[in-house]
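First the structure, in the form of structure tokens, and then the observations on it.
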Amino acid sequence: MATITAPAVFCMLKANGISKRYWTRKGWVTALDNVSLCLPETGRVALLGPSGSGKSTLGKILSLLLRPDSGTVVLDGAPVLRWRTKTPPALRRQVQLVWQSPRLAVDPRMRIKQIILEPMAVQNLVPVKRAERATVLGRWTERVGLTDELLDRYPHEISEGQLQRACLARALIVQPRYLICDELSSMLDVSTQASLLAAIRSEQDRRKMGVLLITHDRILAMHWCDSIATLSLSRILI
């Protein structure tokens, strides 16, 4: 078992000895085998690996969306005991996930402003007054580079890059302490990718937030992240 840790920073989100298997037509498939990973509270860690190596599975587990078969996830010193909708709301806010495909991550029947406010709505945090809602929306759309005229549109009426900006705003709006980006920019052009990464870095500068960047792009990982972990054959290789 190997552990990746950024130097001289106390780690706050940890995966300890995580294993996960899935049942397929060909039998049981091991996605993760005794994997440990540590995300510093203010650092940026890259998780590299080929397709099928278990990167997304680990991202879902760290996001409290998928229960591991064995091992533990520790958040701020306490082991996570409940998953998905059973996770306490205050805990669920602490870790947010930005999915690789924004169109698969949103409800196509919702307007963009509803998508962005969705995490707050689930936890009854949306301001009652319209003016206050507009202020909140304006703050976060500006930070991710999304223009106000797009807020009343539906997902199919905007571009992939614009929708991913909305998904990033949705993840940041509850001000998580940990942000997990699963191939955040793999489907986007270079300028949009740079803009989204700049928005994340700017948010890190405002407050403490650890970022796990799941990516295939080693050059991006080397230039943007503090530490790199590589998943191969369901195991972490430093």
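All heavy atoms count here, side chains included; hydrogens, waters and symmetry mates do not.
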Does His216 form a side-chain contact (heavy atoms from CB on, under 4.5 Å) with Glu183? I'd like the steps, not just the answer.
CA-CA 8 Å; His216 285 89; Glu183 299 286 359; 2.4 Å; yes
Over 12 foreign heavy atoms within 6.0 Å of CZ, Arg201
no
Does a donor on one side chain and an acceptor on the other come within less than 3.5 Å for Glu132 and Thr135?
no
Please answer whether the main-chain N or O of Thr42 pairs with a side-chain N or O of Gln204 as donor and acceptor at a distance below 3.5 Å.
yes
Grouping I, L, V, M, F, W and Y whenever their side-chain heavy atoms are under 4.5 Å apart, do Leu75 and Leu81 come out in a common cluster?
no
Heavy-atom closest pair, residues Arg207 and Pro176:
NH1-O, 2.7 Å
Thr192 and Asp189: side-chain donor and acceptor closer than 3.5 Å?
yes
Is it the case that atom CD in Glu142 sees more than 12 heavy atoms from other parts of the structure closer than 6.0 Å?
no
Has Arg109 got more than 12 heavy atoms of other residues, nucleotides or ligands less than 6.0 Å from its CZ?
no
With a 6.0 Å cut-off (strictly less than), is the heavy-atom count around CE of Met222, excluding the residue itself, greater than 12?
no
Which heavy atom in Val98 sits nearest to a heavy atom in Gln164, and how many Å separate them?
CG1-OE1, 3.6 Å
Go through the steps for Ile200 and Leu179 under the test side-chain contact (heavy atoms from CB on, under 4.5 Å), then give the verdict.
CA-CA 9 Å; Ile200 294 171; Leu179 182 70; 4.0 Å; yes
Ser195 and Arg165: side chain donor to acceptor below 3.5 Å:
yes
Donor-acceptor pair, side chain of Lys55 and main chain of Pro50, under 3.5 angstrom
yes
Ring pair (Phe, Tyr, Trp, His ring centres under 6.0 Å): pairs with one or both residues in residues 24-43, sequence neighbours excluded:
Trp23-Trp28
Considering only heavy atoms from C-beta outward, does the side chain of Leu184 approach that of Leu197 to under 4.5 Å?
yes
Would Leu32 and Val29 show up in the same hydrophobic cluster when neighbours are defined by side-chain heavy atoms closer than 4.5 Å?
no
Quick note, salt bridge (charged side-chain N to carboxylate O under 4.0 Å, His left out) partners involving residues 60-72, not counting sequence neighbours, are Lys20-Asp69
Between Met120 and Met209, is there a shared hydrophobic cluster once you connect ILVMFWY residues whose side-chain heavy atoms come closer than 4.5 Å?
yes
Could you tell me whether the side chain of Ile18 reaches within less than 4.5 Å of the side chain of Pro68, counting heavy atoms only?
yes
Heavy-atom distance under 4.5 Å between the side chains of Leu91 and Leu64, does that happen here?
yes
Side chains of Val73 and Trp83 in contact at under 4.5 Å (non-hydrogen atoms)
yes
Which pair of heavy atoms, one from Arg84 and one from Arg92, lies closest together, and at what distance?
O-NE, 3.9 Å
Quick one: are Leu62 and Leu39 in side-chain contact, heavy atoms under 4.5 Å?
no
Between Ile214 and Ile180, is there a side-chain heavy-atom distance shorter than 4.5 Å?
yes
Stepwise side-chain contact (heavy atoms from CB on, under 4.5 Å) test for Thr57 and Tyr22:
CA-CA 10 Å; Thr57 296; Tyr22 294 105; 3.2 Å; yes
Between the CZ atom in Arg103 and the SG atom in Cys167, the distance rounded to the nearest 0.5 Å is 9.5 Å
Interatomic distance, CG@Asp182 vs CG@Leu58, rounded to 0.5 Å, equals 10.0 Å
Using distance alone, with no hydrogens and no angle criterion, decide if Asn34 and Ser19 have a side-chain donor and acceptor under 3.5 Å apart.
no
Looking at CD1 of Ile158 and CG of Leu150, how far apart are the two atoms once the value is rounded to the nearest 0.5 Å?
6.0 Å
Minimum heavy-atom separation for Trp224 to Leu213, with atom names?
CE3-CD2, 3.9 Å
Examine distances only and state if a side-chain atom of Thr30 and a backbone atom of Asp33 form a donor-acceptor pair shorter than 3.5 Å.
no
Interatomic spacing from CG in Leu48 to CG in Leu220 - rounded to 0.5 Å:
9.0 Å
How long is the gap from CG on Leu163 to CZ on Arg170, to the nearest 0.5 Å?
8.5 Å
Residues Asp152, Lys113; criterion salt bridge (charged side-chain N to carboxylate O under 4.0 Å, His left out); working and verdict
CA-CA 6 Å; Asp152 283 316; Lys113 61 184 177 184; 2.7 Å; yes
For Arg177 and Arg93: C-alpha separation, side-chain torsions, deciding distance, then whether side-chain contact (heavy atoms from CB on, under 4.5 Å) applies.
CA-CA 8 Å; Arg177 293 191 60 189; Arg93 285 199 299 271; over 6 Å; no
What distance do Arg139 atom CZ and Leu172 atom CG have between them, rounded to the nearest 0.5 Å?
12.5 Å
Are Ser63 and Tyr178 close enough that a side-chain donor and a side-chain acceptor fall under 3.5 Å?
no
When hydrophobic residues are tied together by side-chain contacts of less than 4.5 Å, even through go-betweens, does Ile116 share a cluster with Val174?
yes
Which pair of non-hydrogen atoms, one from Ala229 and one from Leu37, has the smallest distance, and what is that distance?
CB-CD1, 3.8 Å
Do Leu137 and Leu117 have side chains that get closer than 4.5 Å, going by heavy atoms?
yes
For Gly54 and Leu231, work out which heavy atoms get closest and say how close.
C-CD1, 3.6 Å
Less than 4.5 Å apart, any side-chain heavy atom of Cys38 and any of Met12?
no
I'd like to know if Val74 and Leu66 are part of one continuous hydrophobic network [Ile/Leu/Val/Met/Phe/Trp/Tyr, side-chain heavy atoms within less than 4.5 Å].
no
